[in-house]
Amino acid sequence: MKKTLFGLLTAAVVALTYFILFTPQGVHFYGEVLFPENETKDYAPKDYPTAITETKTARTIPLPAAVMQPSGIDYDVSNNRFFIVTDQAEIIELSADFQTVASSVEMSNAPLFFRQGTIESNDFYQDHLYVSGDLGEIELWTKDGAEWKQAGKVEISSPSEIESEGMAINPANGDLYMGDGSTIQVVDEAGYYKKTLALKAEAKPGRSLSEYIIAGMDFHDGLLYIVTEYHSAILAVDPETGEIQNIYALKGITEGAGLAVTNDAFYIVVDHELNEPSPGIHVYPR
């Protein structure tokens, strides 16, 4: 009897451990049900700290069921395809209409519990996908035929540690822009620190630009575009000075996670929990 009970308890512990360490539902249960993080802000969402240039409304494109909790997005103009990274530390290559998964890869063999939430952003540059987040470095990935493989990494040299919530590469010189909070650190292609870029614009009385929390970034036509997390806006920024040239308020989302910019649209992936319906891709006209 004791052996039977011990065997049942052992099996239950093994099953629970597997559930929490290896399944999306188990990781969600541990992180969002048992030990949730309660984030509070001392200002209201959509109560923008600056004047707004324009308000934009989106159309929504559903994502395939295989794409869970996207955290970053970028567009490869040469091959007319999108790359998405997810909270599960996956790279997913999608067709231009987002309906076909052309390829995918898990970036690590570690249990999902340790991968979950570590990847925040990506940028496709010179045939490599640059991926950043809580890695402490930027990983480079490339496709060898149909197979993905890691092709190197950029070790970041910086005066302060940065958790890269948003990352974009300036095609004019290869510099990497990494956003954390409302601060942007700039390093060269080898990862050596160049400068810290502060956002500049006139704030309303008693308000601060620090309310614009960076969630994703992308370069287009010489400007750095930033999607902000809490106030749901896109900032068009001069990458040399940090001056904000335009601020677009976004209808239809509460927490952007990643941004890709094309000639005619802004593509945004939205942060959401596993037990929430997928919000798909929000597409705003430029």
Side-chain angles (χ1 to χ4, degrees), residues 27 67-79 81-94 102-181 183-197 214-219 224-227 239 257-261 269:
V27 173
V67 183
M68 296 188 297
Q69 295 182 284
S71 56
I73 183 172
D74 197 42
Y75 176 63
D76 172 18
V77 63
S78 298
N79 296 286
R81 57 184 174 173
F82 284 89
F83 293 106
I84 282 177
V85 291
T86 73
D87 280 352
Q88 287 79 36
E90 302 164 303
I91 296 171
I92 299 177
E93 176 190 0
L94 288 165
S103 67
S104 65
V105 64
E106 291 183 354
M107 294 179 59
S108 169
N109 292 324
L112 178 60
F113 182 86
F114 300 105
R115 303 197 316 266
Q116 182 76 24
T118 59
I119 303 302
E120 299 291 352
S121 61
N122 57 297
D123 201 352
F124 191 76
Y125 178 69
Q126 294 186 344
D127 296 323
H128 289 81
L129 191 70
Y130 288 63
V131 182
S132 70
D134 301 344
L135 305 170
E137 58 202 9
I138 294 175
E139 292 189 5
L140 279 63
W141 286 76
T142 187
K143 281 183 69 177
D144 183 7
E147 298 295 322
W148 282 93
K149 65 178 182 180
Q150 189 176 344
K153 59 183 64 176
V154 179
E155 302 281 354
I156 303 300
S157 171
S158 171
S160 61
E161 185 176 344
I162 186 167
E163 179 181 317
S164 183
E165 294 289 336
M167 182 266 300
I169 301 171
N170 189 343
N173 54 20
D175 285 350
L176 289 89
Y177 285 62
M178 297 175 295
D180 184 12
T183 301
I184 301 169
Q185 289 192 24
V186 185
V187 302
D188 65 16
E189 287 185 273
Y192 292 105
Y193 174 80
K194 295 184 70 172
K195 63 181 178 182
T196 298
L197 196 65
I214 296 169
M217 304 194 296
D218 199 14
F219 272 90
L224 175 65
Y225 288 91
I226 297 171
V227 61
L259 170 68
V261 185
V269 293

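Here the structure is a predicted model, which is why all the values come from computation and not from measurement.
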Checking Gln88 against Gln69: is there a side-chain donor and acceptor pair closer than 3.5 Å?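 A donor-acceptor contact under 3.5 Å links the two side chains.
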Tell me the closest heavy-atom pair linking [X] and [Y], and the distance in Å.
X      : Y      : answer
Thr118 : Ala89  : OG1-CB, 4.2 Å
Ser71  : Ile119 : OG-O, 2.8 Å
Met167 : Val131 : CE-N, 4.1 Å
Tyr177 : Pro239 : OH-O, 3.0 Å
Asp74  : Asn122 : N-ND2, 3.6 Å
Ala168 : Phe219 : CB-CD1, 3.8 Å

Between [atom1] of [X] and [atom2] of [Y], what distance do you get to the nearest 0.5 Å?
X      : Y      : atom1 : atom2 : answer
Ile84  : Leu94  : CD1   : CG    : 5.0 Å
Gln126 : Ser78  : CD    : OG    : 11.0 Å
Asp76  : Asp123 : CG    : CG    : 10.5 Å
Leu224 : Ile214 : CG    : CD1   : 8.0 Å
Ser132 : Glu137 : OG    : CD    : 11.0 Å
Leu129 : Lys143 : CG    : NZ    : 11.5 Å

Taking the six-membered ring for Trp, are Phe83 and Phe124 parallel (under 30°), tilted (30 to 60°) or perpendicular (over 60°)?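 The rings of Phe83 and Phe124 lie parallel, inter-plane angle below 30°.
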Heavy-atom side-chain contact between [X] and [Y] under 4.5 Å:
X      : Y      : value
Ile184 : Ile226 : yes
Leu140 : Tyr130 : yes
Lys149 : Thr142 : yes
Met107 : Ile91  : yes
Met178 : Ile156 : yes

Please enumerate all residues that pass side chain to side chain donor-acceptor pair (under 3.5 Å) together with Glu139, with sequence neighbours excluded.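 Partners of Glu139 by the side chain to side chain donor-acceptor pair (under 3.5 Å) criterion, ordered by chain and then number, come out as Trp141.
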Salt-bridge contact Asp188-Lys194 (side-chain N to carboxylate O under 4.0 Å):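 No salt bridge links Asp188 with Lys194.
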Give a yes or no answer on whether the side chain of Tyr225 reaches the backbone of Val261 with a donor-acceptor pair at less than 3.5 Å.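 Looks like no, no N/O pair under 3.5 Å.
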